[in-house]
Amino acid sequence: MHIVVDRRPDGVALIDDDGSETLVPEPRLPAAVAEREVEHPRWVWTSTVQWYPPLLEAGVRVDRCYDLKLVDAILAGIAGRAPRRDWGSAPATSRGDTLFDLDGATDAAHAISALAAWESQQAAIAAHGEPTKLTLLVAAESAGALAAVEMRHAGLPWDAAAHDTLLTEALGPRPPPGQRPAQLEALAHDVEQLLGVGPVSIDSPPALVSALRRAGLEVATTRSGELKRIDHPAMAPLLQYKTLSRLHTANGWNWLDEWVREGRFRPTFVPGGVVTGRWASDGGGALQLPKQVRPAVHADDGWALVVADAAQLEPRILAALSGDAAMATAGAGGDLYAGIVASGAVVTREHAKVGMLGAMYGGTTGISAQVLPRLARSFPRAIGYVEAAARAGERGERVSTRLGRTSPAPPTSWREQQSAAVAEGAAESVVRSARSAARSWGRFTRNFVVQGTAAEWALAWMAGVRRRLWTPDAGPIESQPHLVFFVHDELIVHSPVDRVAEVEHALHEAAIDAGRIVFGVTPVTFPVTVAAVQRYSEAK
DNA sequence: AAGCCTAGCGCC
DNA sequence: AGGGCGCTAGGCTT
């Protein structure tokens, strides 16, 4: 038995094999939106990552969609709605042509209930104080989900032979399973000899700490930062061992075997996977691709990788969020940190950079803390904005991104800790640890507003690039310039060499659009650096 | 054996 | 006593 979902003038029909129909009310849309929807249908479905891959396999590219699960997660944060768990297995419905054959009455029931979810979500958005912004967020989140599935489908072009060569040059030939590569073996041997306290289980931090202490070195951990400050001949081979061991275990031959097939790395991107709205990845460590292995990311013959990076995205986001005209001016020249130096606020570009990063992360030590007062004098609105977000977090309040994604409420245990600290006769240690926890939550909310809004800008950018790259009736996605990689503020497009110029144009234009979409009229610019290369490592 | 935690390091 | 992640190995618990 099959049930076909079909759109009708008076609603959405679920048609059974025997011709019987169940009519579900058409979700209502504002007139202007409805008109646009007719020209550019937006598929409403429970989950893009669930439904889109088989469509792509079948050669179907979806232009726009509405992802019920992703929107549900956003709204659950805002309205205190309980996130829904039982989405069932059926897509909701199409808006436009028939897309799915649904199998059986159970799926039909799911389709009806998903339609109800759509209406409930629309009502929640309409009731929100900023429905227009929220609608943009929902559209951007859903467009990102389409791009995520498309990027996995196309895959990142990967030169496995080049990867093998760089591994062999660094580690020696690939060893049999269970054995250490020759270079790691040699370095481990050197470390043992130079420490002179017998055999050392170099891969076990506790064992390594005790060996170092036996050798008379006062260390608490085996972190490379701590080891670097120690003057001892064993430190050089030990630090090199750690670097190479990391390469071997995280992105070595095993990784290559598992993740690269037919010249493509196909990671699973997880839209909305991070609390701030950033993407996460699942498997392959896609968002932590080390610079060491980027020479293996290689365009096909006759193609190029167009690598684009949003320059100093987060401080620019902060400037726009806070309406800091002085910081907008500092960023107008293309290098925001150089602009901060030119403003006279600080003396070096490095101070400008670590100062701004510290302001956005809540740094309290070092150069970052030293230059903060100077930045606060020159850019009071920008610095004031993150300070206010931090204070709100310390009070247990929630904060919001530009388009309306909200930070989670602090856990109950946090609230109890705060209550205990203000109770009469609270021990000083209790007060101290509560204050520390409050500051910590404040650093989270401080960063949330910037990181989360930057994620919104990046989604809008990606959606604009995706739309510009696609030409209907010109073959499948992977035969045209197409997105292949995304990391927070960076995009890679795989493009035929003779179309690179238009791809570069698309990347620049979409960045300008993204600023307008997220912030409306703002003096803040969002420049992107673009480089067409053969290997990822040649960019930047 | 499987599941969970920690240390440590990679990325933005 | 600087935000957000994912992954691996070691080492513990169940």
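Proteins come first, then strands; the chains are lettered A, B, ... in the order of their sequence lines, and each starts at number 1.
Contacts of residues 363-395 of chain A with DNA chain B (heavy atom under 4.0 Å): none. Taken residue by residue, residues 438-467 of chain A places no heavy atom nearer than 4.0 Å to DNA chain B. Applying a 4.0 Å cut-off to non-hydrogen atoms, the residues of residues 203-232 of chain A that approach DNA chain B are A/Pro205, A/Thr221, A/Thr222, A/Arg223, A/Ser224, listed by residue number.
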Take A/Glu150 and A/Arg466, measure what salt bridge (Lys or Arg N to Asp or Glu O under 4.0 Å) needs, and give me the verdict at the end. CA-CA 10 Å; A/Glu150 288 167 4; A/Arg466 176 179 179 271; 2.6 Å; yes
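Of the inter-residue distances, the one linking A/Thr401 atom OG1 with A/Glu456 atom CD reads 3.5 Å to the nearest 0.5 angstrom.
Partners of A/Tyr536 according to the side chain to side chain donor-acceptor pair (under 3.5 Å) rule, which considers only residues two or more places apart in sequence or in another chain, are A/Arg294, A/Glu490. In this structure A/Glu428 satisfies the salt bridge (charged side-chain N to carboxylate O under 4.0 Å, His left out) test together with A/Arg432, sequence neighbours excluded. Partners of A/Arg395 according to the salt bridge (charged side-chain N to carboxylate O under 4.0 Å, His left out) rule, which considers only residues two or more places apart in sequence or in another chain, are A/Glu397.
Phosphate contact (OP1/OP2 of B/dG8, side-chain N/O of A/Lys242, threshold under 4.0 Å): absent. Phosphate proximity of B/dC12 to A/Lys291: present, with a side-chain N or O under 4.0 Å from OP1 or OP2.
Residues A/Ser400 and A/Arg405 have side chains that never bring a donor and an acceptor to within less than 3.5 angstrom of each other. Checking A/Asp203 against A/Tyr241 by side-chain atom types alone, a donor-acceptor pair falls below 3.5 Å.
Nearest to the side-chain atoms of A/Ala280 among the listed nucleotides C/dC5, B/dG10, C/dG4 stands C/dC5.
By the 30° and 60° cut-offs, the orientation of the rings of A/Trp279 relative to A/Phe269 is tilted. Using cut-offs of 30° and 60° on the angle between ring planes, the pair A/Trp414 and A/Trp441 is tilted.
For A/Phe265 and A/Trp255, the distance between ring centers is under 6.0 angstrom.
In this model, no side-chain donor or acceptor of A/Arg278 finds a partner on the base of C/dC5 within 3.5 Å.
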